[in-house]
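Structure record follows, encoded as structure tokens.
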Amino acid sequence: MGMAQELHVLAVDDSLVDRKVIERLLKISCCKVTAVESGRRALQYLGLDGEKSSMGIDGLKVNLILTDYSMPGMTGYELLKKIKESSALSKIPVVIMSSEKILPRIDRCLEEGAEEFLLKPVKLSDVKRLRDFILRGEGDDDKLTDKKIKEACSRKRKFQDDSTTQVTAHDIESSPESSASSESQQQKQSKIG
């Protein structure tokens, strides 16, 4: 993977251990990592805190922001909202991580524009999937909007499927009423032919 393909990920987590784990997974996946310990530090790094950032927004190309949800001071959700409100940064994909599977929280983050909601512990396969998704999306901002909305909806359904039972088309087809009607249709067709 060349330098042009190396993604720069801003990882935000108040837990030193979680930060180190994420950093390691990202580096294994050939990503450049900047790790910070709070939402406020992330905003400073991105130049959104009103002060000049250390690098200036032009010299700073962040391809993905990976943030914990539960942090003191500013939650990952609040950080997500600030990023999505910024005209300069709103196109940067934000992924929220949490060790708690709370459906209303997940829904709220996805509705606010989070690319994905990952449950901790984050696995190498999660990081590689995100990396591949971002690499596929580079330069196709407008074309991917509808696709991203559809994917967000399917992710939402995936979380809900875990906690609710749904009737599938297969269940309906295999019910006695539908099999009786299909048999009578087959009989009619055989008489005609």
Lys120 NZ: over 12 foreign heavy atoms closer than 6.0 Å: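 Result for NZ/Lys120: enclosed.
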
Heavy-atom closest contact ([X] atom, [Y] atom, distance):
X      : Y      : value
Leu110 : Phe117 : CD2-N, 4.3 Å
Arg19  : Ala35  : CD-CB, 4.0 Å
Lys128 : Ser29  : CG-OG, 3.7 Å
Ile134 : Pro93  : CD1-CG, 3.5 Å
Ile96  : Gly76  : CD1-O, 3.6 Å
Met71  : Asp13  : SD-CA, 4.0 Å

Using 4.0 Å as the upper bound for N to carboxylate O, is an ion pair formed by Arg105 and Glu100? yes

Does a side-chain N-to-carboxylate-O contact under 4.0 Å join Arg129 and Asp126? yes

Heavy-atom distance under 4.5 Å between the side chains of [X] and [Y], does that happen here?
X      : Y     : answer
Val9   : Asn63 : no
Leu135 : Leu7  : yes
Ile22  : Met97 : yes
Leu79  : Val12 : yes

Would a distance-only check, ignoring hydrogens and angles, find a side-chain to backbone donor-acceptor pair under 3.5 Å from His8 to Lys32? no

Main-chain N/O of Thr75 paired to Glu78 side chain as donor or acceptor, under 3.5 Å: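 Checking the backbone N and O of Thr75 against the side chain of Glu78, a donor-acceptor pair under 3.5 Å is found.
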
To the nearest 0.5 angstrom, please state how far the [atom1] atom of [X] sits from the [atom2] atom of [Y].
X      : Y      : atom1 : atom2 : value
Glu112 : Asp107 : CD    : CG    : 13.0 Å
Asp18  : Glu37  : CG    : CD    : 14.0 Å
Asp68  : Ser99  : CG    : OG    : 7.0 Å
Glu23  : Lys27  : CD    : NZ    : 4.5 Å
Lys20  : Ser15  : NZ    : OG    : 11.0 Å
Leu66  : Glu115 : CG    : CD    : 12.0 Å

Using the rule given for salt bridge (charged side-chain N to carboxylate O under 4.0 Å, His left out), can you reason through Arg41 versus Asp14, listing the C-alpha separation, both sets of side-chain angles and the distance that settles it, and then say yes or no? CA-CA 10 Å; Arg41 292 284 297 125; Asp14 59 311; over 6 Å; no

Measure from NZ or CZ of Arg108 to the centre of the six-membered ring of Tyr77 and say whether it is under 6.0 Å with the direction within 45° of the ring axis. yes

The residue among Val122, Leu80, Ile65, Leu118 that forms side chain to side chain contact (heavy atoms under 4.5 Å, CB included) with Val95 is Leu118

Worked verdict on Ile83 versus Leu46 for side chain to side chain contact (heavy atoms under 4.5 Å, CB included): CA-CA 9 Å; Ile83 289 163; Leu46 294 166; 4.2 Å; yes

